[in-house]
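Everything below concerns the one structure shown next.
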Amino acid sequence: RQQGRVRGQAGMEPAEEPGALGFHGDEEIIEVVELGPPGPDDLADEMEDVDFDDEGADEPDAEAWETEEDDEGVEDSMEAQDDSEVTFSLHSASVFCVSLDPKTNTLAVTGGEDDKAFVWRLSDGELLFECSGHKDSVTCAGFSHDSVFVATGDMSGLIKVWRVDTKEEVWSFEVGDLEWMEWHPQAHVLLAGTADGNSWMWKIPSGDCKTFQGPACPATCGRILPDGKRAVVGYEDGTMRIWDLKQGTSLHVLKGQDGHQDPLTCVASNQDGSLIMTGSVDCHAKLINSATGKVVCVFKMESITPKPPAGEGEEAESNSVESLGFCNVMPLAAVGYLDGTLAIYDLSTQSLRHKCQHESGIVQLLWEESSAVVYTCSLDGAVRLWDARSGKMISEYRGHSAEILDFAVNKDASIVVTTSGDHQAKVFCVQRPDR
C-alpha cells in the first residue's frame, strides 16, 4: 500500500460556520500564506502545535498527545485545519475500522492496531464500553441490523459479540486469520471470511455454525446480498463465488476469463441485489448479473488512463481498485482507485461518465443513501463529497494528520465518522446548502 500523504494548501476560505477555525477573541487573518507539502520534520513540528481534544486525558497513552492549552500557537495551528466536531482519542495506535449503529445512528464502534475496540457516543465522544480481550489488531467491527449486538474481530481470527444494552460479551469464537466480517441485513447472523479460503456463518448468540469452502487461498472480501439468502465472496486467486447461505452450496463460480487476473479487493451489490460489482488489484471492475452469474461488462482502468511505458528497470506504479459502490437513485456506479482516480460509470450505457482526480490514493467510497452524492476518503487525510451527476466536488473536510483508513456515513447523510493512522476517530457534520 502506498502511504503517500499529501497536505492540502494551508490557505482556506473563511469558514461557513463560526468558530470552525478556532479563532480566539477577535483575531483576524491578515495574510494567508500557501505552503508546499511539508517534509516529515515539518509534520512533526506541526504536530506539536496542534491542540488535541483532551478526551482520554486519563489514559496513560494519552499524555504524549496532550499539549498546553493556551493561546500561543493559535496562528500555527491554523495550518492544521480541523473541521471535525468531535474527536475520539482513546486508541493508542492506528484506528482501522468504524461502523455506526444502524437503528439510532448515535453510536460508533472503532477497532485499532492497539488490539482494542470501543463503543462510543457520536454526540460527544463519550465511551460507552470497551470490547476487551483482543490480542491482535482489531480490523473488523460492526453492529447487527437492529443495533442489539456489536461484533469485533481481530486479525488473528478471534471474533467477539457483545450485547449493546448490557455491555456484556455474549459469544466468542476463533477462526483462522480474519479477512472480513459482516452482519446479515435482517437476522442475528454473522458472516466472516478467513485466510484459509473458508467463509463462516454463525447464528448469534447460539453459535450454530456453517462453513463455505472456497479455494485454498484467502477469502479477501464478501457481502451478503440484500435478499439475505445469498452471499458473494471474492478470493485472492481472482475467483468469485455466489453462495446459497441456506444450502451451503455455491450457485455460481467466476474464474478464468470471467474472473479477475489478480486478488479481489472489494465487492458490492445494488439495492435490489440484481447486480454485483467486483474490484481487483488487476484494476478491473466487473459488473455481474447475480441471477445468472454472467459478466455484464468490465470497466478497465487502462481505457481511462493509458499507462505511460515504464523506463528501463523502472517499476510501473502500482494501482488497484480499492472500493466501489452503486448509486441508489440513478443507474450509476463509482469505482475508487489507489492512484487517486474516482470513476463514475453510467450503467445504462456502460460508459465512463466522470473522472474525479484525487491527489492521493482513495481508501474507500460510499454513496449517500438517497442522492447521487459519493463520499471518498483518501491517504491525504481528507473526506470529499462529489456530485456524481456533474463530477464536481461539493466539499472537503479535513482534520486528520495522517491517512484515513475507514469511514462511515449516517442514514440522513448529516454526519461522517472517520478513522485514521493518527490514532484518532473524528466526527464531521456535513453541511449542504441544498438541504
Side-chain angles (χ1 to χ4, degrees), residues 180 182-186 191 193 199 212 219-235 238-245 249-261 263-301 303-304 320-337 341-355 362 364-376 386 388-389 409:
W180 56 271
E182 166 165 300
W183 282 98
H184 190 281
Q186 298 102 19
L191 198 68
S199 298
F212 306 88
T220 48
C221 52
R223 200 29 81 81
I224 300 176
L225 293 180
D227 62 13
K229 297 177 173 147
R230 298 168 296 161
V232 50
V233 180
Y235 298 90
T239 62
M240 191 268 299
R241 283 162 177 73
I242 300 176
W243 293 95
D244 180 317
L245 295 178
T249 54
S250 84
L251 300 166
H252 302 288
V253 181
L254 278 83
K255 55 184 186 186
Q257 281 312 107
D258 285 341
H260 286 274
Q261 300 314 299
L264 272 81
T265 52
C266 48
V267 57
S269 85
N270 64 348
Q271 213 171 9
D272 67 5
S274 59
L275 291 171
I276 293 167
M277 204 172 211
T278 56
S280 162
V281 176
D282 66 13
C283 289
H284 292 180
K286 293 191 182 231
L287 190 65
I288 295 149
N289 177 322
S290 74
T292 63
K294 294 278 179 277
V295 176
V296 180
C297 74
V298 183
F299 297 112
K300 301 185 179 180
M301 185 61 178
S303 50
I304 321 181
S320 66
V321 173
E322 293 295 304
S323 185
L324 39 73
F326 290 87
C327 177
N328 286 339
V329 296
M330 291 174 76
L332 300 174
V335 181
Y337 299 87
T341 305
L342 166 66
I344 308 288
Y345 292 105
D346 188 320
L347 299 178
S348 45
T349 59
Q350 299 178 8
S351 59
L352 177 70
R353 182 160 170 165
H354 295 295
K355 189 177 149 189
I362 294 172
Q364 199 195 337
L365 64 82
L366 291 169
W367 285 92
E368 216 168 79
E369 191 91 5
S370 49
S371 74
V373 173
V374 67
Y375 293 59
T376 58
W386 303 85
R389 292 162 308 185
V409 180

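These numbers were taken from a predicted model, which means no experiment stands behind them.
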For Thr265 against Val321, the heavy-atom pair lying closest together: OG1-O, 2.5 Å

Under 3.5 Å: donor-acceptor pair, side chain of Trp180, backbone of Ala219: yes

Main-chain N/O of Gly259 paired with Lys286 side-chain donor or acceptor, under 3.5 Å: yes

Stepwise side-chain contact (heavy atoms from CB on, under 4.5 Å) check, Trp386 with His354: CA-CA 11 Å; Trp386 303 85; His354 295 295; over 6 Å; no

Distance (rounded to the nearest 0.5 Å) between Lys355 NZ and Tyr337 OH: 10.0 Å

Taking every non-hydrogen atom, the tightest pair across Val295 and Val298: CG1-CG2, 3.9 Å

Heavy-atom side-chain contact between Leu245 and Lys229 under 4.5 Å: no

Asp346 side chain vs Arg353 backbone, donor-acceptor pair below 3.5 Å: no

Closest heavy-atom pair and its distance - Pro185, Gly228: CG-CA, 4.4 Å

Side-chain (Trp243) to main-chain (Val233) donor-acceptor, under 3.5 angstrom: no

Asn289 versus Val296, closest heavy-atom pair with distance: N-CG2, 3.6 Å

Gap separating the CD1 atom of Ile224 from the CD atom of Gln186, nearest 0.5 angstrom: 9.0 Å

Straight-line distance of Leu332 CG to Arg389 CZ, nearest 0.5 Å: 9.5 Å

Whether Thr249 side chain and Asp244 backbone form a donor-acceptor pair below 3.5 Å: no

Check: Ser323 side chain, Leu365 main-chain N or O, donor-acceptor pair, under 3.5 Å: yes

Nearest-0.5 Å distance that lies between atom CG in Leu191 and atom CH2 in Trp183: 11.5 Å

Minimum side-chain heavy-atom gap Met277-Phe299 below 4.5 Å: yes

side-chain contact (heavy atoms from CB on, under 4.5 Å), paired with Trp367, selected from Val329, Val374, Val373, Asn328: Val374

Min side-chain heavy-atom separation Phe326-Asp272 under 4.5 Å: no

Minimum-distance pair of heavy atoms, taken over all atoms of Ser280 and Pro263: OG-O, 2.9 Å

Distance-only donor-acceptor check, side chains Ser290 and Arg230, under 3.5 Å: yes

Whether His252 side chain and Lys294 backbone form a donor-acceptor pair below 3.5 Å: no

Asp282 side chain vs Gln261 backbone, donor-acceptor pair below 3.5 Å: yes

Thr220 side chain to Gly234 backbone, donor-acceptor under 3.5 Å: yes

For Ala343 against Leu352, the heavy-atom pair lying closest together: CB-CD1, 3.8 Å

Rounded distance [0.5 Å steps], CG in Leu324 versus CD1 in Ile276: 11.5 Å

Side-chain touch Leu264/Val267, heavy atoms, less than 4.5 angstrom: no

Atom pair SG (Cys283) and NZ (Lys300), whose distance is rounded to the nearest 0.5 Å: 12.0 Å

